[in-house]
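Just so you know, residue 1 is the first one in the sequence shown, and it goes up from there.
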Amino acid sequence: MSEVRPARRTRGGGGAARRAERTAVSIETAKFITRNIPNFEILNEEALQIIEYNAETVLEEIGVNFVENPAALERWRAAGADVVGERVRIPRGLARQLCSTAPSSFTQHARNPERNVEIGGKNLVLAPVYGPPFVRDNEGGRRYATIEDFRKFVKLGYMSKWLHHSGGTVCEPTDIAVNKRHLDMLLAHMTLSDKPYMGSVTEKVRAEDSVNMSKILFGDDFVDQNTVMTSLININSPLTFDNVMMGALEVYAEANQAAIISPFIVGGAMAPVTVAGTLTQVLAEALAGVAYSQLVRKGAPVIMGAFVTSIDMNSGAPTFGTPEAAHITYGVGQLARRLNLPYRSGGSFSGSKLPDAQAAYETSNSLNMALLSGVNFMLHACGWLEGGLVASFEKFVLDADQLGTLHHLAQGVSMDENGQAMNALREVGPGGHFLGCEHTQANFKSAFWRSDVLDYKPYEQWEEEGARDSATLAGARVRKMLGDYQAPPIDPAIVEALEAYVAQRKASEPDAFG
């Protein structure tokens with residue numbers, strides 16, 4: 001394949017961009033969450049030390065496989081690991097020592113600086129569903145996703161107040177060739193939203209395209225010196241690092257772009273059935289993956305991830321919102337904090353086929369679990385259905401609306417003078433009511449979180465308006481948001497350069513659908 005160089009960002013179109021900015025509709029986005037509540041810690045010190053010891057034993061005695069990647073094996077050999085064939089055994093303490101150079105937090109820059117996010121510490125950044133090949137809506141039912149569906153999800157993400165991040169593969173646009181669809185997806189994130197976004201990881205060259213397009217959007221120097229992308233690097237559990245994911249990780253680490261290094265765990269199938277056993281495997285895999293990123297480039301930003309679900313032993317299907325998954329998610333949070341690494345987990349997980357009561361129960365359990373476990377980056381925060389096979393438009397807006405509750409829960413309890421409300425108690429006294437008092441009038445607009453989707457009307461009014469259920473209300477919300485959408489301003493010269501890069505790359509190789 002001939003080399004395609006990214007076009008350089010130019011200064012042209014500035015006047016047009018400023019005019020567009022003056023006429024654009026302002027879309028409110030809440031700042032990323034900063035917790036004022038404690039994390040829930042389920043493991044005591046003895047349990048943590050046992051798991052850490054066992055994980056190091058797995059790395060030293062059992063080892064991990066880095067498959068079809070001679071360069072990775074050579075890096076490990078040079079670092080002091082025992083490499084036999086594709087098996088890498090890592091001496092006790094080496095992986096932890098290597099992980100120590102990864103930053104404890106970092107800024108991911110958006111093209112609109114007001115949308116920058118801080119990943120790590122007490123912060124929680126929310127990003128949408130990732131990866132489903134199917135979409136579902138009230139009108140069309142379940143179907144294969146298209147690029148037009150993808151663009152609609154990007155627009156909904158941009159319009160969603162409580163969502164901080166545009167995400168990555170919010171659905172797989174199956175109407176575009178596999179080897180080219182990443183270009184259209186990146187172009188949509190870069191032009192239809194001004195929130196941060198994720199890069200492609202399905203082949204090394206696609207990661208390189210992501211870096212090149214980001215340099216067009218932000219400028220070469222800015223990308224060289226700042227993190228503008230996050231990417232999802234899944235470990236092929238158990239204990240296997242394939243050359244596709246590691247090739248993408250190498251590209252991003254070398255470019256100083258962030259990677260979520262995440263074991264993909266289905267308990268009972270890809271990890272032991274016990275919580276402690278799964279925690280041991282997750283930690284061993286994460287240690288090896290994060291350590292490898294630091295072998296590629298010391299100081300490269302990474303997020304320690306854990307996608308964890310259990311399995312239905314009757315059907316073999318994954319299950320979500322379960323207490324065992326909660327135990328593991330809480331535990332990995334503690335282990336990540338002891339490594340001083342940002343933590344990714346959680347999401348709007350559900351195995352339900354529809355945005356129904358099952359979906360609501362499982363999603364609520366998963367979202368609250370993630371908040372309390374200290375997650376710093378939550379992928380799949382809205383839109384996930386059918387075990388991740390489906391991105392649902394209605395569930396996307398229902399979930400995105402509910403993310404507002406996480407913001408308010410994370411604020412904790414205010415104990416300042418206004419929070420104590422003694423003036424209200426004195427004003428109203430025994431037998432009165434607080435609706436008209438001065439304190440209520442001063443605080444009512446911000447005192448309570450309010451849903452933009454759910455129905456709180458009296459029965460008679462609800463019936464007169466069609467007795468609509470949540471999915472119907474969400475469908476109306478989807479149509480309104482897409483109808484109100486206006487693209488954020490962007491320099492036309494940058495759009496032209498991005499489109500030229502996409503066209504050139506698509507023309508450089510034939511379509512491939514496998």
Closest approach of Ile90 to Ala288 (non-hydrogen atoms, all atoms of both residues): CD1-CB, 4.1 Å
Side chain Lys204, main chain Gly247, donor-acceptor under 3.5 Å: no
Test item: Thr174 side-chain N/O and Ala145 main-chain N/O as donor-acceptor pair under 3.5 Å: yes
Ion pair check, Glu118 and Lys31, cut-off under 4.0 Å: no
Test applied, side chain to side chain contact (heavy atoms under 4.5 Å, CB included); reference residue, Pro301; option that passes from Thr230, Thr227, Ile119: Thr227
Mutual orientation of the aromatic rings belonging to His189 and Phe150 [parallel < 30°, tilted 30-60°, perpendicular > 60°]: perpendicular
Side chains of Ile37 and Leu372 in contact at under 4.5 Å (non-hydrogen atoms): yes
Salt-bridge contact Arg92-Glu60 (side-chain N to carboxylate O under 4.0 Å): yes
Residue Glu45 excluded, over 12 heavy atoms near CD under 6.0 Å: yes
Main-chain N/O of Pro238 paired to Thr240 side chain as donor or acceptor, under 3.5 Å: yes
Backbone of Ile147 reached by a side-chain donor or acceptor of Asp175 within 3.5 Å: yes
Exercise: do Glu324 and Ser310 side chains pair donor with acceptor under 3.5 Å: no
Check: Phe393 and Leu385 side chains under 4.5 Å, non-hydrogen atoms: no
Heavy atoms of other groups near Glu114 CD, more than 12 under 6.0 Å: no
Side-chain donor or acceptor of Asp242 paired with backbone N/O of Asn234 under 3.5 Å: no
Approximate separation, where rounding is to 0.5 Å, of Ile216 CD1 and Met190 CE: 7.5 Å
Close side-chain approach of Met229 and Val223, heavy atoms under 4.5 Å: no
Whether Arg111 side chain and Ser193 backbone form a donor-acceptor pair below 3.5 Å: yes
Nearest-0.5 Å distance that lies between atom CD in Gln281 and atom CD1 in Ile51: 13.0 Å
NZ or CZ of Arg181 within 45° of Phe513 ring axis and under 6.0 Å: no
Steps toward side chain to side chain donor-acceptor pair (under 3.5 Å) verdict (Ser352, Glu362): CA-CA 9 Å; Ser352 182; Glu362 292 172 340; 6.0 Å; no
Pairwise distance CE(Met369) to NE2(His327) - rounded to 0.5 angstrom: 11.0 Å
Within-4.5 Å side-chain heavy-atom neighbours: Glu52 and Leu335: yes
Side chains of Phe32 and Asn116 in contact at under 4.5 Å (non-hydrogen atoms): no
Main-chain N/O of Ser373 paired to Asn39 side chain as donor or acceptor, under 3.5 Å: no
Verdict with supporting geometry, His165 and Gln108, side chain to side chain donor-acceptor pair (under 3.5 Å): CA-CA 10 Å; His165 204 283; Gln108 184 185 348; 2.9 Å; yes
Short side-chain to backbone donor-acceptor contact, Glu394 and Pro355, under 3.5 Å: no
Side chain proximity check, Asp137 to Arg143, heavy atoms < 4.5 angstrom: yes
Donor-acceptor contact present, side-chain Gln257 to main-chain Asn226, <3.5 Å: yes
Ion pair check, Arg142 and Glu386, cut-off under 4.0 Å: yes
Flag, side chain of Asn69 to backbone of Asn243, donor-acceptor distance under 3.5 Å: no
Chi angles and distances behind the side chain to side chain donor-acceptor pair (under 3.5 Å) call for Asn54, Thr57: CA-CA 5 Å; Asn54 289 347; Thr57 301; 4.9 Å; no
Check against side chain to side chain contact (heavy atoms under 4.5 Å, CB included), Arg151 and Leu192: CA-CA 8 Å; Arg151 290 172 181 142; Leu192 301 179; 3.8 Å; yes
Distance in Å, Tyr361 OH paired with Asp356 CG, rounded so as to fall on 0.5 Å steps: 11.0 Å
Contact summary for Cys382 and Ala400, nearest pair of heavy atoms: CB-N, 3.7 Å
Working for ring pair (Phe, Tyr, Trp, His ring centres under 6.0 Å), residues Tyr144 and Phe134: CA-CA 4 Å; Tyr144 279 106; Phe134 299 100; 4.5 Å; yes
Heavy-atom neighbours of Lys122 NZ exceed 12 at 6.0 Å: no
CA sep, side-chain torsions, deciding dist, call: Thr309, Phe349, side chain to side chain contact (heavy atoms under 4.5 Å, CB included): CA-CA 9 Å; Thr309 182; Phe349 298 141; over 6 Å; no
Trace of the side chain to side chain contact (heavy atoms under 4.5 Å, CB included) decision for Gln49 with Arg338: CA-CA 11 Å; Gln49 290 184 15; Arg338 285 162 74 93; 4.0 Å; yes
Verdict with supporting geometry, Tyr197 and Met185, side chain to side chain contact (heavy atoms under 4.5 Å, CB included): CA-CA 10 Å; Tyr197 59 86; Met185 290 190 282; over 6 Å; no
Straight-line distance of Asn368 CG to Phe40 CZ, nearest 0.5 Å: 13.0 Å
Any side-chain heavy-atom pair of Arg136 and Lys395 under 4.5 Å: no
Phe153 side chain near Cys171 side chain, heavy-atom distance below 4.5 Å: yes
Parallel, tilted or perpendicular: ring planes of Trp384 versus His380, cut at 30 and 60 degrees: perpendicular
Nearest-0.5 Å distance that lies between atom CZ in Arg337 and atom CE in Met304: 10.5 Å
Residue pair Ser210, Tyr252: steps toward the side chain to side chain donor-acceptor pair (under 3.5 Å) verdict: CA-CA 9 Å; Ser210 303; Tyr252 288 120; 3.3 Å; yes
Pair Phe241 and Tyr292, ring centroids less than 6.0 Å apart: no
